[in-house]
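Below is one structure; the comments refer to it alone.
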Amino acid sequence: MTDNLFQTFALNETITLQNRILMAPLTRCMADEELVPTQAMADYYARRAEAGLIISEAVIIRPDGQGYPNTPGLFSSAQIDGWRVVTDAVHQGGGKIFAQLWHTGRVAHPYFFKKTGSTDVLAPSAVGVEGSVPRMRELSYQVPKAVTHEDIAQLVADYSQAASNAIDAGFDGVEIHGANGYLLDQFLHHDSNHRQDEYGQTPENMARFALEVVDAVAQRIGNERTALRVSPGAYFNMASDERDRAVFDYLLPQLELRNLAFLHIGIFDDAMKFDYLGGSASAYVRSVYNKTLVGVGSYSAESGSSAIAQDKFDLLAIGRPFIANPDYVSRVREGKELVEYSDEMLANLV
């Protein structure tokens, strides 16, 4: 039974979702050369407007945040106009959509922002990550520059501006990407944060940048339109460290005080266990965070519905099955068989 997935859900007094099924952020690399959303992207999102909420693919907040080809931005007037076509299409279909705000940090590459004249890859510390850029394997990651206090202040301002741009573009709110080994997440883990100042060493210091960004965005567009994605379990672009738990033990209650629209777990498979978290990432977060929580990570409609019934989380984000099934919500509601996802589907928007 999946009946609970089709209940309305009030995120707050401002935003009510038509069901509990969210479309998870899915990087598709389909923007044009100026990182402007295309009509094909508008059509793609419109076909999925039946979701309770669409969380857009990750959207870079400024040129040096780019680490993948053809990922859309939200820092130019053309990009804002392009996204407005997308949001209009989703709203015409009766849906709601949040923009996921993104800076990739140490997995950015200067190849993408060489026109700006900068070659600096930014991160908490000058600690690189091994590997190369997906889809462009000839580009190896480089050792990043440790951000200065001036850099940090500008980044906070740029997240805030991107959130304002998102509202101007017609988004219903934003999800700040603080997970999956990208910039905010890099401050929250000992593997990538070796700072000796007020942004490193202690849980309070390591959480400082993330909270500054959350506060700046919430002040700009309202806490009811501000959400955050987190990865307390390090697993992607990041090595685990048992000291990380103390950082999230501090961060999560601080986030709860801010009455965000929701908190979203960043994990590919929620069956993964982390010894220092005492189990799965979602179980750990639920144990210390009592506000609206979004679960994700290889759940089916049935297993996600069961998890919601057991109060493991409140909303279910579905990823790849939404690529294969634009009508995912209808298919689940009507008990129809789902089309199986395949990697070939990533090549085109469908």
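We're numbering straight along the sequence, starting at 1.
- M30 and I55 fall into different hydrophobic clusters, where Ile, Leu, Val, Met, Phe, Trp and Tyr are joined by side-chain heavy atoms under 4.5 Å apart, directly or via other members.
- In this structure a side-chain-to-backbone donor-acceptor pair under 3.5 Å is present from N19 to G52.
- Between Y284 and Y289, the distance from one ring center to the other does not fall under 6.0 angstrom.
- Proximity of M238 to S231: side-chain heavy atoms (C-beta onward) are nowhere separated by under 4.5 Å.
- Judged by distance alone, with hydrogens and angles left aside, the side-chain atoms of E334 form no donor-acceptor pair with the main-chain N or O of V332 at under 3.5 Å.
- Under the 4.5 Å side-chain heavy-atom criterion for ILVMFWY residues, a single connected hydrophobic cluster contains both I323 and Y68.
- Inter-residue side-chain proximity for T16 and L11 is flagged as unmet; no heavy-atom pair is nearer than 4.5 Å.
- Judged by distance alone, the side chains of D185 and H177 never bring a donor and an acceptor atom under 3.5 Å apart.
- Taking a cutoff of 4.0 Å between a charged side-chain nitrogen and a carboxylate oxygen, E50 and R333 qualify as a salt bridge.
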Stepwise side-chain contact (heavy atoms from CB on, under 4.5 Å) check, D215 with R258: CA-CA 8 Å; D215 288 344; R258 285 156 168 82; 2.7 Å; yes

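- Cluster membership for L26 and I60, using ILVMFWY side-chain heavy atoms within less than 4.5 angstrom, is shared.
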Stepwise side-chain contact (heavy atoms from CB on, under 4.5 Å) test for T292 and F9: CA-CA 10 Å; T292 300; F9 187 89; 3.7 Å; yes

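- Put simply, the side chain of Q100 reaches to within 4.5 Å of the side chain of R229, judged on heavy atoms.
- Counted by atom type alone, R220 and S160 present one or more donor-acceptor pairs between their side chains at under 3.5 Å.
- Between the NE2 atom in H149 and the CG atom in D197 there is a gap of 4.5 Å [rounded to 0.5 Å].
- Between F236 and F268, the ring centre distance stays below 6.0 Å.
- Applying the 6.0 Å contact sphere to CD of E256 captures more than 12 heavy atoms from other residues, nucleotides or ligands.
- In terms of modelled atom types and a separation under 3.5 Å, the side chain of N193 and the main chain of P124 share no donor-acceptor contact.
- Connection of V294 to F322 is not established within any shared hydrophobic cluster, with ILVMFWY side chains joined at heavy-atom distances below 4.5 Å, either directly or through further cluster members.
- If you take OG1 on T226 and CD1 on I221, they are separated by 4.0 Å, rounding to the nearest 0.5 Å.
- In summary, the side chains of Q142 and H109 do not present any donor paired with an acceptor at a separation below 3.5 Å, with no hydrogens or angles considered.
- A distance-only check finds no donor-acceptor pair linking the side chain of R225 to the backbone of V174 [under 3.5 Å].
- The closest side-chain heavy-atom distance from V121 to Y141 is not below 4.5 Å.
- Side chain of T116 to main chain of S118: a donor-acceptor pair is present (N/O by atom type, distance under 3.5 Å, no hydrogens or angles).
- Residues E212 and Y199 bring a donor and an acceptor atom of their side chains to less than 3.5 Å of each other.
- You'll find the side chain of P232 reaches within 4.5 Å of the side chain of L277, heavy atoms only.
- Of the possible polar contacts, one joining the S192 side chain to the Q186 backbone as a donor-acceptor pair under 3.5 Å is found.
- Judged by distance alone, with hydrogens and angles left aside, the side-chain atoms of N205 form a donor-acceptor pair with the main-chain N or O of G200 at under 3.5 Å.
- By the neighbour-count criterion of 12 heavy atoms within 6.0 Å, atom NZ of K145 is densely surrounded, having more than that number from other residues, nucleotides or ligands.
- More than 12 heavy atoms of other residues, nucleotides or ligands sit less than 6.0 Å from atom NZ of K273.
- In this structure, Q18 contributes its side chain and A51 its backbone to a donor-acceptor pair below 3.5 Å.
- With salt bridges taken as basic N to acidic carboxylate O contacts below 4.0 Å, none links D172 and K96.
- In this structure, H189 has its ring center under 6.0 Å from that of F248.
- Looking only at distances, a side-chain donor or acceptor of S125 sits under 3.5 Å from a matching main-chain atom of H194.
- Around CD of E150, the count of heavy atoms belonging to other residues, nucleotides or ligands within 6.0 Å does not exceed 12.
- Remark: of the listed residues Y45, F98, W83, W83 is the sole one forming a ring-ring contact (aromatic ring centres under 6.0 Å, His included) with F171.
- At a cut-off of 3.5 Å, with distance as the only test, a side-chain donor of Q196 or Q201 sits close to an acceptor on the other residue.
- Residues Q154 and D158 bring a donor and an acceptor atom of their side chains to less than 3.5 Å of each other.
- N4 and S305 share a side-chain donor-acceptor pair at under 3.5 Å.
- In this structure, N12 contributes its side chain and I15 its backbone to a donor-acceptor pair below 3.5 Å.
- Side-chain contact annotation: D270 with S282, donor-acceptor N/O pair under 3.5 Å present.
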Worked verdict on I61 versus F75 for side-chain contact (heavy atoms from CB on, under 4.5 Å): CA-CA 6 Å; I61 64 166; F75 53 85; over 6 Å; no

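- At a cut-off of 3.5 Å, with distance as the only test, no side-chain donor of Y341 or N325 sits close to an acceptor on the other residue.
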side-chain contact (heavy atoms from CB on, under 4.5 Å) evaluation trace for I54 with L22: CA-CA 6 Å; I54 294 171; L22 278 58; over 6 Å; no

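- The aromatic rings of Y182 and W102 sit perpendicular, their planes meeting at an angle over 60°, well past the 30° parallel limit.
- Residues D311 and R286 are paired through a salt bridge, judged by an N-O separation under 4.0 Å between the basic side chain and the carboxylate.
- The 12-atom threshold is exceeded at CD of E204, counting heavy atoms of other residues, nucleotides or ligands nearer than 6.0 Å.
- One finds no salt bridge joining R20 and D314 here, because no Lys/Arg side-chain nitrogen approaches an Asp/Glu carboxylate oxygen to under 4.0 Å.
- In this structure, D151 does not pair ionically with R62, as no charged nitrogen and carboxylate oxygen lie closer than 4.0 Å.
- Summarising the local packing, CD of Q7 is surrounded by more than 12 heavy atoms from other residues, nucleotides or ligands at distances under 6.0 Å.
- You'll find the side chain of F274 reaches within 4.5 Å of the side chain of M272, heavy atoms only.
- Considering only heavy atoms from C-beta on, L251 comes within 4.5 Å of L211 through its side chain.
- S306 and S303 share no donor-acceptor pair across their side chains, judged by distance under 3.5 Å alone.
- Side chains of N165 and Q161: a donor on one and an acceptor on the other come within 3.5 Å.
- H103 places none of its side-chain heavy atoms less than 4.5 Å from the side chain of Q66.
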Worked verdict on R106 versus D191 for salt bridge (charged side-chain N to carboxylate O under 4.0 Å, His left out): CA-CA 12 Å; R106 65 179 181 173; D191 176 61; 3.0 Å; yes

